[in-house]
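These notes are about the structure you will find just below.
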Amino acid sequence: MPELPEVEVVRRGLKRYVAGRTIKAAEVLHPRAVRRHTTGPEDFVRVLAGAAVNDVRRRGKYLWLPLSTGSVLVGHLGMSGQLLLQPAGATDGPHLRVRLQFSDGGPQLRFVDQRTFGGLAVSPATGPEGLPAELAHIAPDPLSPELDEAAFATALRRRRTNVKRALLDQSLISGVGNIYADEALWRARLHYARPTETLTRPAAVRLLAALREVMTAALAAGGTSFDSLYVNVNGESGYFERGLEVYGRAGRPCRRCGAPIRRDPFMNRSSYICPRCQPRPRRAHW
DNA sequence: CACTCAACCTGCCGGC
DNA sequence: TGCCGGCAGGTTGAGT
């Protein structure tokens with residue numbers, strides 16, 4: 001479940017059902033799922049055995065679980081990863097990659113990932129809040145109190161790129177992916193190709209506000225689920241799809257002005273815009 | 001340093 | 001029916 005609201009839904013589920021429990025045994029069913037664990041699958045299994053899960057934290061699209069051993073279990077869902085709580089007797093699906101059994105004999109935590117872009121790893125807890133070193137380059141996200149509005153506006157306007165590319169750069173602001181970038185740009189009435197250096201400070205601030213609004217609304221709806229790939233820890237879909245204004249709505253009318261929404265190829269993927277509310281930028285802005 | 005692009009995977013859908 | 005290209009909520013590392 002890729003973007004921030006979906007990952008936060010998972011974080012809350014893990015916090016509720018996994019925090020406080022002790023891992024009895026880990027099992028790696030596909031080594032690629034732990035490729036970021038540099039010392040290999042056997043070591044991954046070894047260091048998790050007997051570790052208690054103290055908490056569940058998130059920055060952007062990354063999750064990490066501080067452990068009683070002083071290490072953290074880091075996870076990223078990639079494009080198709082799921083973290084599911086399932087009873088021991090539940091059948092193993094075809095994309096089950098990692099299984100964690102707990103000493104209480106309760107529901108297992110299963111990492112299921114069709115495309116294997118996601119993964120798990122155990123790392124030393126180095127930074128504040130146990131932030132592992134491999135997440136040091138990940139900027140604060142729109143829902144984090146650490147994200148400073150003025151600093152974000154300055155950093156965004158200092159970039160020499162276009163605004164959507166900047167939003168997707170996790171070292172500038174994290175948690176924003178293709179859906180919520182398009183949704184926030186629509187709300188802020190900005191075209192994806194708008195050069196960042198032409199953004200006024202108020203426009204940058206409005207864009208951040210739009211990100212916060214759309215992500216807060218999506219989170220309240222349990223996230224966006226176009227299909228069964230994006231589910232919470234109990235396998236349930238969110239219903240924010242109905243709250244989307246542009247993403248996936250090519251040809252349908254803009255709910256603000258009525259013009260048909262358009263899908264443009266951009267950065268080897270898709271961007272959805274209202275061509276009337278979000279006109280392509282002219283060469284100069286001032 | 002800043003930026004672009006291909007690569008990593010599987011599955012689904014539409015066109016021929 | 002089958003094959004093929006295109007596309008999908010992401011990240012990273014090599015190359016310019």
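Naming convention: chains lettered A, B, ... in sequence-line order (proteins, then strands); numbering from 1 in each chain.
The aromatic rings of A:His76 and A:Tyr62 sit perpendicular, their planes meeting at an angle over 60°, well past the 30° parallel limit.
The residue A:Arg263 sits close only to the backbone: its heavy atoms come under 4.0 Å of sugar-phosphate atoms, none of a base. Residue contacts shown for A:His30 are absent, as no nucleic acid heavy atom lies under 4.0 Å away. If you check every strand for non-hydrogen atoms under 4.0 Å, A:Phe240 touches nothing. If you check every strand for non-hydrogen atoms under 4.0 Å, A:Asp227 touches a base. Residue contacts for A:Phe226: at a heavy-atom cut-off of 4.0 Å it reaches a base atom on one of the strands shown.
Between A:Phe117 atom CZ and C:dG10 atom P there is a gap of 11 Å when expressed in whole angstrom units. One atom, CE of A:Met79, and another, P of B:dC12, lie 15 Å apart when rounded to the nearest Å. Atom pair A:Leu4:CG and C:dT11:P shows a separation of 11 Å (rounding to whole Å applied). A straight line from CG of A:Leu172 to C1' of B:dC1 spans 16 Å, rounded to a whole angstrom. Between A:Phe266 atom CZ and C:dC7 atom P the separation is 16 Å, expressed in whole Å. One can place NZ of A:Lys61 at 10 Å from P of C:dT12, the figure rounded to the nearest angstrom. Rounded to whole angstrom, the span from the CZ atom of A:Arg249 across to the P atom of C:dA8 amounts to 17 Å. Atom pair A:Leu63:CG and C:dG10:P shows a separation of 15 Å (rounding to whole Å applied).
When the C1' atom is compared between B:dT10 and C:dG13, the two are found 22 Å apart, to the nearest whole Å. Taking the P atom of each, C:dT12 and B:dG11 are spaced 24 Å apart, rounded to whole Å.
Checking C:dT12, B:dC5, C:dA8 against every side-chain atom of A:Asn268, the shortest atom distance belongs to B:dC5. The side chain of A:Gln170 lies closest to C:dT11 when the candidates are C:dG10, B:dG11, C:dT11. Nearest to the side-chain atoms of A:Arg36 among the listed nucleotides C:dG13, C:dA8, B:dC3 stands C:dG13.
The shortest heavy-atom contact between A:Ala51 and A:Val47 is CB-O, 4.3 Å.
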**Message:** Between A:Glu3 and A:Tyr230, is the side chain to side chain donor-acceptor pair (under 3.5 Å) condition met? List the steps.
**Reply:** CA-CA 10 Å; A:Glu3 304 185 43; A:Tyr230 303 96; over 6 Å; no

**Message:** For A:Arg59 and A:Asp141: C-alpha separation, side-chain torsions, deciding distance, then whether salt bridge (charged side-chain N to carboxylate O under 4.0 Å, His left out) applies.
**Reply:** CA-CA 7 Å; A:Arg59 175 181 283 215; A:Asp141 60 62; over 6 Å; no

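Taking only side-chain nitrogens and oxygens, A:His76 comes nearer than 4.0 Å to OP1 or OP2 of C:dT11. Distances shorter than 4.0 Å separate none of the side-chain N or O atoms of A:Arg115 from OP1 or OP2 on C:dT11. For the pair A:Arg269 and C:dG10, the criterion of a side-chain N or O lying under 4.0 Å from OP1 or OP2 is met. Phosphate contact (OP1/OP2 of C:dA8, side-chain N/O of A:Ser270, threshold under 4.0 Å): present. Checking the phosphate oxygens (OP1, OP2) of B:dC9, no side-chain nitrogen or oxygen of A:Gln114 falls inside 4.0 Å. Close to B:dT4, at under 4.0 Å from its OP1 or OP2, lies a side-chain N or O of A:Arg165. At the phosphate of B:dC8, neither OP1 nor OP2 sits under 4.0 Å from any side-chain N or O atom of A:Arg32.
When Watson-Crick and G-U wobble pairs are counted only if both distances are under 3.5 Å, C:dT1 pairs with no nucleotide at all.
Using modelled atom types, no side-chain atom of A:Arg97 and backbone atom of A:Arg32 make a donor-acceptor pair closer than 3.5 Å.
Counting heavy-atom neighbours within 6.0 Å of A:Arg16 CZ, excluding the residue itself, gives a total of 12 or less.
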